[in-house]
Structures are given as structure tokens and as C-alpha cells.
Amino acid sequence: MRSGNATKAKLGLWQCLEQLAREKNPRLVALIEIGDARHLLDVRAALEDLALGVVSKAKVARARKLLAHK
């Protein structure tokens, strides 16, 4: 029997991904908030831009800012 509040706290994006990696369950579904998903897509785009394009100080600063975001 549970005591206290039965409501679980929402996991963040990275916690969901870490849990998915640990459990290795192909049927497990992660509910990701829109803001977290957009941030992840922005980070991926910035890193792809650095890897595939010409590197500039502005691109490095943008990627660094996105990666430091919590």
C-alpha cells in the first residue's frame, strides 16, 4: 500500500532517455514535453551545423549556449 501522494513527478527529457537506455524495453514510451523536444532538436541542429559546415565563433557560441541550457 502506498502512503502519501500517489502522483508521480514528471521526468525530464534526459531522465526519460537514460531510463529508456537502462531498461532496453522496445515497448517503453517516453512522454516528452514540447519545450524539451524543441530544445533537443535545436541542439542537434547546432551540432550538425558545426560538424558539417564552416565553424565560426557565432556557431560555437550558439552550440555552447544550447548545451549549457538546463
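All values below were derived from every heavy atom in this structure, side-chain atoms included, with hydrogens, water molecules and symmetry-related copies excluded. Residue numbers start at 1 and run along the sequence shown.
Residues Leu67 and Val43 approach most closely at CD2-CG1, 3.6 Å, considering heavy atoms.
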Enumerate donor-acceptor pairs with a distance under 3.5 Å from any side-chain N or O in residues 48-61 to protein atoms, sequence neighbours excluded.
unit_1	atom_1	unit_2	atom_2	d
Ser56	OG	Lys59	N	3.3
Lys59	NZ	Val54	O	2.9

Arg38 vs Leu41, test: side chain to side chain contact (heavy atoms under 4.5 Å, CB included). Steps then yes/no. CA-CA 5 Å; Arg38 285 186 181 141; Leu41 291 172; 5.6 Å; no
